[in-house]
There are 2 protein chains.
Amino acid sequence: MPPTQSSRTSRQRVKDGGTSAKSPSPRGARPSRGTVTLSDVAELAGVSSMTVSRVLNRPETVAPETVETVRKAIARTGYVPNLLAGALATTRTKLVAAIVPTISGSIFAACIQSLTDRLEVAGYQMLLGLSGYPAAREEGLLNAILSRRPDALFLTGTTHSAQSRRRLRGAKIPIVETWDLSAKPIDMAVGFSHQRVGRDAAQFLFKKGYRRFAAIGAEDERAKIRWKSYLAALTELGVDDVASITTPAPTNLWMGRDGLSKLIADGFTHGAVFCSSDALAHGVLVEAQARGLSVPGDIAVIGFGDLDFAAFTVPALTTVRIDRFAVGRLAAEAILSRLAGEPVAEKVIDVGFQIIEREST
Amino acid sequence: MPPTQSSRTSRQRVKDGGTSAKSPSPRGARPSRGTVTLSDVAELAGVSSMTVSRVLNRPETVAPETVETVRKAIARTGYVPNLLAGALATTRTKLVAAIVPTISGSIFAACIQSLTDRLEVAGYQMLLGLSGYPAAREEGLLNAILSRRPDALFLTGTTHSAQSRRRLRGAKIPIVETWDLSAKPIDMAVGFSHQRVGRDAAQFLFKKGYRRFAAIGAEDERAKIRWKSYLAALTELGVDDVASITTPAPTNLWMGRDGLSKLIADGFTHGAVFCSSDALAHGVLVEAQARGLSVPGDIAVIGFGDLDFAAFTVPALTTVRIDRFAVGRLAAEAILSRLAGEPVAEKVIDVGFQIIEREST
DNA sequence: TTGAAAGCGATACCAA
DNA sequence: TTGGTATCGCTTTCAA
């Protein structure tokens, strides 16, 4: 085992020219618990702590043999830098914080994955905050996160309290709002238009020849925008009697089954159903199957999200695909170029979406 | 807008008894960029910075009216504490770091979700590290993470390099290794036995009456333990000619399809197939269907993981369910009680698993 | 109940 | 190329 603790007591070189407290200070913070510090390394190497710092950060400014000596001392002591101290001195934490509602649903997980991957190669770490679904905790979470002085922020959605927006502006760091493009961004935005998703879905179905329509929509902030826009687009197309059902968020398959049951009870036995999520759409398919309805013959279904399972298992499900990895990747690029001082090409990046049609099988 | 920057220049109360640098220091670190600090608040409130600190941390030790005054000053300045400085002084960061291979597959996402949820109410934040699949980056990542001095660590798996293990021990913080129970933990462990999964699966299938067996296994560290243990258990049961195929990790549906194709080419046309992941198992089912084989009549399939999609969409798939949320939750509990100084009841917690049988449809 | 001084462990700047 | 010194913003300890 490398001499960590012991190197503090039994010192070969009694240099003692520094500020290192020899006598136990009568007051002040308690001595650090046996952690190896820069000056421990410096002492062992017989140089000043500044030199060690330089070896770590800009070795090219230090004489090669000094570097060698210091490197050995670092290895021998098992020194682990304290980025807290470094960050305090430089006001740069090399930390990027991300706030997402949840990570377990795999919708945001992909974003976080590509974001983290990209940031990591640039030497940044990820501070993850989960705000819960109705973004209930965002306020407090934001405070806790800003307390750690991240160099940049990745947010989900564009609806924040006035208080939050003020704090965010005050932080004066690069901020990317994702997953939505509707509002004016605080700083930068990467996402797509939920409004256009709804509209395009309506037009897509209309062009396919459907004339009877229904919708099952979650009461989630963004989901609402989608299905309301769908309804609005249908109205513009001259379709007025759209049966529509709302469900709480987050959605699941059972809500979709229930939804179709209700629609059928209301007399909707054939036509196209827009669902604000794939989970709902999936439920509709299952219910249709259970009732012996053909898809898309009797009932056509369009979902949203293109979740993994949908791609493989629900060949009859048409859905709207968002490249979730692209969201994270583009957000990372935006953050990094900002952090590098480069001007960002576009403050608002639309990743767009695709309507993936699956009818065969 | 609250007077942040301006409050630094136009001061009403020229108390000036503190250490606040009035004259621009000729050297030393550059002045912080217009951030509101504790002493700014103190100045505005007409108290010392210690008093402000107390109001923030232990308000009960401060006179009620002082608290009031200080609180107002905090609100007016929009003060955001700097936890970097606080942590440096206390050597407690209120940060828990987690290292998982990937977050986008939803296997670890659930763990992280429940871990974060539980830690958050205790006032801890999550530092997330993604090590990639062959844990290639673990070494460097670990260093970067330890540099931030987390109060505790959540790790995936129990295989770490000697270097890593040394560093981990040296960190002297609570460490939970998850997802595996086979090795002796560095500190604590929450998981299940992959060995037993393989064995139990074999016995389960044997008891169901199957006598012809095959396996499709990924070359992932833990997956290997599962299917090797499956093979070993079969040998013990007197089954020798098990057709087995390996695939690289991470697995996907197509590998499962390929796998079954190869097995069939090798003459395996009926019996039970053990797959080291649900993705593989799912692929086997699809391929079986494509070839007109009945499941589980001709081919029975058992997977591993109980992924979300499997629960809903693959009724013929029998699988091994791990309560992933429990892993995160129990890890959080272990960490928190350790952090609170309480002794941990058990250093090794087995969350177990269930074999979920789905044959009907 | 409040305040002053001395760190925590690093980096920036200037001087040698 | 190297070292000394003064911070970064906060908390701890002791004294008032």
Side-chain angles (χ1 to χ4, degrees), chain A residues 15 17-21 23-43 45-67 69-70 79-94 147-149, chain B residues 15 17-21 23-33 35-42 45-67 69-70 79-94 147-149:
Chain A
K15 255 207 81 201
T19 39
S20 50
S23 55
S25 50
R27 56 176 94 192
R30 74 169 142 37
S32 71
R33 270 170 314 167
T35 323
V36 182
T37 71
L38 209 55
S39 47
D40 289 321
V41 177
E43 202 158 8
V47 296
S48 80
S49 54
M50 261 320 298
T51 302
V52 180
S53 174
R54 287 197 186 99
V55 168
L56 255 23
N57 300 314
R58 293 153 65 235
E60 70 280 7
T61 68
V62 178
E65 39 184 81
T66 312
V67 171
T69 322
V70 170
Y79 169 68
V80 179
N82 186 330
L83 244 57
L84 260 45
L88 181 58
T90 56
T91 67
R92 302 188 62 252
T93 50
K94 283 278 185 173
S147 293
R148 302 199 185 269
R149 301 287 189 270
Chain B
K15 256 204 79 201
T19 40
S20 49
S23 56
S25 50
R27 55 176 96 190
R30 74 166 143 38
S32 72
R33 267 171 314 168
T35 323
V36 182
T37 72
L38 209 55
S39 48
D40 290 322
V41 177
V47 296
S48 81
S49 54
M50 260 321 299
T51 302
V52 180
S53 174
R54 288 200 185 95
V55 169
L56 255 22
N57 299 315
R58 293 152 67 235
E60 70 279 7
T61 67
V62 179
E65 38 184 83
T66 311
V67 172
T69 322
V70 170
Y79 171 68
V80 178
N82 186 331
L83 244 57
L84 260 46
L88 181 58
T90 56
T91 67
R92 301 186 63 249
T93 50
K94 284 278 183 175
S147 293
R148 302 195 185 273
R149 299 289 189 270

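First the proteins, then the strands, lettered A, B, ... as listed; each starts at 1.
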### Message
With a 4.0 Å cutoff (strictly under), does any side-chain N or O of A/Thr37 reach OP1 or OP2 of C/dC8?
### Response
no

### Task
Measure from CG on B/Asp40 to C1' on D/dC10 and round the result to the nearest Å.
13 Å

### Query
Ignoring hydrogens and angles, does a donor from either the side chain of B/Arg149 or the base of C/dG9 sit under 3.5 Å from an acceptor on the other?
no

### Query
Counting only heavy atoms not in A/Glu65, do more than 12 fall under 6.0 Å of its CD?
no

### Task
List for me each residue that meets side-chain contact (heavy atoms from CB on, under 4.5 Å) alongside A/Ser49, sequence neighbours excluded, and say none if there are none.
A/Leu38, A/Ser39, A/Ala42

### Message
Looking only at the side chain of B/Asn82 (C-beta and beyond, no hydrogens), which of the listed nucleotides C/dT2, D/dG9, D/dG3 gets closest?
### Response
D/dG9

### Message
B/Leu88: which residues meet the side-chain contact (heavy atoms from CB on, under 4.5 Å) condition with it, sequence neighbours left out?
### Response
A/Asn82, A/Ala85, A/Leu88

### B/Tyr79 side chain reached by B/Leu56 side chain, heavy atoms, under 4.5 Å
yes

### Query
Using the C1' atoms of five pairs at each end, what's the angle between the two axes of the helix from C/dT1-D/dA16 to C/dA16-D/dT1, to 10 degrees?
30°

### Task
To the nearest Å, give me how far apart CZ (B/Arg54) and P (D/dT11) are.
11 Å

### Task
Return the value, rounded to whole Å, for the distance between atom CZ of A/Arg92 and atom P of C/dA10.
18 Å

#### Entry: Upstream residue (5' side of DNA chain D) when B/Tyr79 and A/Pro64 are each assigned their closest nucleotide
A/Pro64

### Message
Within the 4.0 Å heavy-atom criterion, would you say A/Thr66 contacts the bases, only the backbone, or no part of the nucleic acid?
### Response
sugar-phosphate

### Message
Counting only side-chain nitrogens and oxygens, does A/Thr51 get under 4.0 Å of the OP1 or OP2 atom of D/dG3?
### Response
yes

### Query
Between C/dT11 and A/Ser53, is there an OP1 or OP2 to side-chain N/O distance shorter than 4.0 Å?
yes

### Task
Could you tell me which non-hydrogen atom of A/Arg149 sits nearest to which non-hydrogen atom of B/Leu84, and how far apart they are?
CB-CD2, 4.4 Å

### Message
What is the separation between atom CG on B/Leu83 and atom C1' on D/dC8, rounded to the nearest whole Å?
### Response
15 Å

### Query
Which residues, if any, of residues 55-63 of chain A bring a heavy atom under 4.0 Å of DNA chain C?
A/Asn57

### Between P of D/dG9 and CG of B/Leu38, the distance in whole Å
11 Å

### Query
Under the side-chain contact (heavy atoms from CB on, under 4.5 Å) test, which residues partner A/Ser147, sequence neighbours left out?
B/Val80, B/Pro81, B/Leu83

#### Entry: Close side-chain approach of B/Val62 and B/Thr51, heavy atoms under 4.5 Å
yes

#### Entry: Donor-acceptor contact present, side-chain B/Asn57 to main-chain B/Arg54, <3.5 Å
no

### Query
Within this structure, what is the CE-to-P distance between B/Met50 and C/dT1, rounded to whole angstrom?
14 Å

### Query
Of all the nucleotides listed (C/dT1, C/dC13, D/dC8), which has the minimum atom distance to the side chain of A/Leu88?
D/dC8

### Query
Looking at side-chain heavy atoms only, is the closest gap between B/Arg148 and A/Lys94 below 4.5 Å?
yes

